[in-house]
Number of protein chains: 2
Amino acid sequence: MKGPKRSLDVPKIVNAVLELLAEDPATVPTLRGVAARLGVRPNTLYTYVPDRAALEGAVVEHLLDLAGPAVLSGPAPWRERITAYALRLRAELLARPGAVPFFLSGPMNGPNAVLVGEGLLAAFAEAGLSPGDGARAAYAVIVHVLGSAALAAADLPGPGTDPEQVLLERRAALAAGPPLTSAASEVAAGWNSVEQFTWGINRLIDGCVPSLP
Amino acid sequence: MKGPKRSLDVPKIVNAVLELLAEDPATVPTLRGVAARLGVRPNTLYTYVPDRAALEGAVVEHLLDLAGPAVLSGPAPWRERITAYALRLRAELLARPGAVPFFLSGPMNGPNAVLVGEGLLAAFAEAGLSPGDGARAAYAVIVHVLGSAALAAADLPGPGTDPEQVLLERRAALAAGPPLTSAASEVAAGWNSVEQFTWGINRLIDGCVPSLP
DNA sequence: ATAAATTTTGTACAGCGTACATTGTGCATC
DNA sequence: GATGCACAATGTACGCTGTACAAAATTTAT
C-alpha cells in the first residue's frame, strides 16, 4: 500500500461515538462532534465511511453485539434466552437514548442483526413454532424491544431532572385524565419500567407460543 | 384584540404539513418547507407554535384522530376494536413514513393520545383484564403499532422502486443467510406486510388476555 | 387622529451533512 | 538514494436546518 498511514479505522470511530454517548447519553452524536473528539476535520471521516448512515449502521451493529447475542444460543431454556437478550438490548438502548434514532433510520441488515435474528429463530423453533411463525414471532420481539426503547427515548425528561419527580408528575397527569386512565394511573405512569417491559415481552411470547392445546 | 389579523392558525399549518406528506410521503417535512407552502417566511410560524416540537405534536394529534379512535368505542367486540384501530393507525403511518419520526421525537400526551389510551383501556377491561394489566396491555399495543411502523419506515426503498422487486431482493438476501433465516426467508421477507402485522398484534393480544383457565 | 398592540418580515447565527480542490505524507519504483 | 505516484487529511465552501432579534407593517382601541 502506498500513501500516508491511516490515522483511524471504523472501530475507532464507533468508539468515539460511544464515548460521546457515555458523556451525554441523550444527545444524538453528530458527524462533526465525532470528528472533533477524534481530533480530526469532519470530512476526514469520509475516508472510512461513505456517509452518516453507514456510521449509524456500524454503531447499531456494535450495540447489537454489546447486548451479547451469545445468550441467545446459550444453555438456558428458550424463553429465558429470548427475554435475557431483549432485556440486555433494551438496557443498552435506555443507557444511550441518543443512539436509538440510529436503529430507526436505516435497515437493520448487518451481520449482527442477522445473527440476532437467527438466535431468535432458533429459540422459537425450540419452543415448537414452525419456521414461518418463528419468523413472525422473532420480528414481533424486535418490534417490541425497539418500539419500547424508542417511546422511552421520546419521553426523556430534561437533563438533571429527578426520575422520582418525573414519575410523580406523570402519575398526577394521568390521574387527571378520563376514568379508566385515571384508575390505572399508578401502573400507567411506570410504562417504561423494567417490570412492565418484562411483562409485555412475556405476554407477547405467551401469545406466540401456544400452550398445550 | 388589537394588531393585524392572523393569516394562519394551527390547523392550517398542520394541513400544510399533511399536504407536503401527501406529495412526498417519505420526506420528513421541515419548518421552512411548511412555511414556503403557506407563502410565508419561516419565522412567521413561531407566532402560532412555540417550536418545531409543538408542530410535530400537533401533527401527531391530527393523525391519531385521522385513524378514527371512535372505532375503539364502537359496537364491535373488544378484540376487533383494538385490531381495527391498530390497523388504521398503522395504515396512516405507512402512508406517510415521513411523519413517523414525529411520533418518536416527543412525549405523546395530547388529548387524542389520552383518548386512544382510554379506548384501549376500555377494550381490555371488557376483555376481563384488571386495570393494571389493561394499562400494560394498552401500552404494549401502542408499542407494537409504532414500533412496526418505525421499522417499516426505516426500511423504505428509494423512491420509484418496485415493491415487488424489493420483496424479491429482500427474500434473496435472507435466503443467503444462516440456516434458519434462510429457511424462513419467504415469510421473513414480508415482515412489513399487513398479514404479519395482524398476526403479531393478535398474538400480542392473545398473550395479554388469558383464555379460559 | 393618534397610540398601542401584535403580526409579519429582514436579517442573522450557529449548526448540520457533505462535496471539491489542495496540500501533505509515505511507500514503490527507478 | 532520489523521484513520482497513490492516498489521507485539510481548507474552503454550499445548501440546508431551526430559531433568535430588531424593524416594519397593520389593525383596533382610545
Side-chain angles (χ1 to χ4, degrees), chain A residues 1-17 20-21 23-24 26-60 97-107 154 156 158-159, chain B residues 1-14 16-17 20-21 23-24 26-60 97-106 154 156 158-159:
Chain A
M1 266 325 228
K2 289 189 178 182
K5 289 181 179 169
R6 304 197 144 196
S7 61
L8 302 173
D9 49 36
V10 175
K12 276 204 192 85
I13 299 178
V14 169
N15 192 54
V17 174
L20 290 179
L21 286 167
E23 292 176 6
D24 190 354
T27 300
V28 183
T30 68
L31 250 172
R32 300 177 100 102
V34 176
R37 164 160 281 262
L38 292 166
V40 116
R41 259 17 111 202
N43 35 5
T44 300
L45 301 182
Y46 284 83
T47 302
Y48 306 94
V49 147
D51 56 6
R52 167 164 235 267
L55 174 53
E56 295 184 354
V59 173
V60 167
V100 170
F102 295 175
F103 283 77
L104 303 174
S105 66
L156 281 184
Chain B
M1 258 340 219
K2 289 189 182 183
K5 290 181 178 168
R6 305 198 144 193
S7 61
L8 302 173
D9 49 36
V10 174
K12 276 203 190 86
I13 298 178
V14 169
V17 174
L20 290 179
L21 286 167
E23 292 175 6
D24 191 352
T27 300
V28 183
T30 68
L31 248 173
R32 300 178 99 100
V34 175
R37 162 160 282 264
L38 292 166
V40 116
R41 264 11 119 213
N43 34 6
T44 300
L45 300 183
Y46 283 83
T47 301
Y48 305 94
V49 147
D51 56 5
R52 169 164 234 267
L55 174 53
E56 295 184 354
V59 174
V60 167
V100 170
F102 295 176
F103 283 77
L104 303 174
S105 66
L156 281 184

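Below, chain A is the first sequence line, B the second, and so on; all start at residue 1. These figures come from a predicted structure and were not determined experimentally.
- Residue-level contact check: Thr30(B) touches the backbone only, with heavy atoms under 4.0 Å from sugar-phosphate atoms and none from bases.
- A heavy-atom distance below 4.5 Å is not found between the side chains of Phe103(B) and Glu56(B).
- Using a 4.5 Å heavy-atom threshold, the side chains of Tyr48(A) and Pro11(A) count as separate.
- By the side-chain hydrogen bond (donor to acceptor under 3.5 Å, both in side chains) test, Thr44(B) pairs with no residue at all, sequence neighbours left out.
- Remark: P of dG15(C) and CG of Leu20(A) are 15 Å apart, rounded to the nearest angstrom.
- Side-chain atoms of Leu45(B) and Leu38(B), non-hydrogen and from C-beta on, do get closer than 4.5 Å to each other.
- With sequence neighbours excluded, the residues forming a side chain to side chain contact (heavy atoms under 4.5 Å, CB included) with Ala53(B) are Asp51(B), listed by chain and number.
- Side-chain contact check for Val28(B) versus Leu21(B): every heavy-atom pair is 4.5 Å or farther apart.
- Among all heavy-atom pairs drawn from Pro101(B) and Gly98(B), the shortest one is CD-O, 3.5 Å.
- Applying the side chain to side chain contact (heavy atoms under 4.5 Å, CB included) rule to Val59(B) yields the partners Val14(B), Val17(B), Leu55(B), Leu63(B), Phe102(B); only residues at least two apart in sequence or on another chain are considered.
- Direction of the helix axis in the helix from dA1(C)-dT30(D) to dC30(C)-dG1(D) shifts by 20° between the two five-pair termini, rounded to 10°.
- Partners of Thr27(A) according to the side-chain hydrogen bond (donor to acceptor under 3.5 Å, both in side chains) rule, which considers only residues two or more places apart in sequence or in another chain, are Asp24(A).
- Residues meeting the side chain to side chain contact (heavy atoms under 4.5 Å, CB included) test with Pro4(A), sequence neighbours left out: none.
- The salt bridge (charged side-chain N to carboxylate O under 4.0 Å, His left out) search around Asp9(B) returns Lys12(B), not counting sequence neighbours.
- A nucleotide of DNA chain D counts as in contact with chain B when one of its atoms lies under 4.0 Å from a heavy atom; the first and last such, 5' to 3', are dT17(D) to dA29(D).
- Residue Thr44(A) is in base contact, counting any heavy-atom pair closer than 4.0 Å across all strands shown.
- We find that CG of Leu45(B) is positioned 11 Å from C1' of dT8(C), with the value rounded to whole Å.
- Rounded to an integer number of Å, the gap from Leu38(B) CG to dT8(C) C1' is 14 Å.
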B/S/- along nucleotides 20-26 of chain C (protein heavy atoms under 4.0 Å) is B---BBS
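- Between the side chain of Arg32(A) and the base of dG15(C) there is no donor-acceptor pair of N/O atoms closer than 3.5 Å.
- Within the 4.0 Å cut-off from OP1 or OP2 of dT8(C), not a single side-chain nitrogen or oxygen of Arg41(B) is found.
- Residues from residues 48-56 of chain B that place a heavy atom under 4.0 Å from any atom of DNA chain C, listed by number: Tyr48(B).
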Exercise answer: donor-acceptor pairs, residues 29-37 of chain A side-chain atoms, under 3.5 Å, sequence neighbours excluded:
residue, atom, partner, partner atom, Å
Thr30(A), OG1, Gly33(A), N, 2.9
Arg37(A), NH1, Glu19(A), OE1, 2.1
Arg37(A), NH2, Glu23(A), OE1, 3.4
Arg37(A), NH2, Glu23(A), OE2, 2.2

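- Distance OH (Tyr46(A)) to P (dC16(C)): 12 Å, rounded to an integer number of Å.
- Applying the side chain to side chain contact (heavy atoms under 4.5 Å, CB included) rule to Pro97(B) yields the partners Pro25(B), Ala153(B), Leu156(B); only residues at least two apart in sequence or on another chain are considered.
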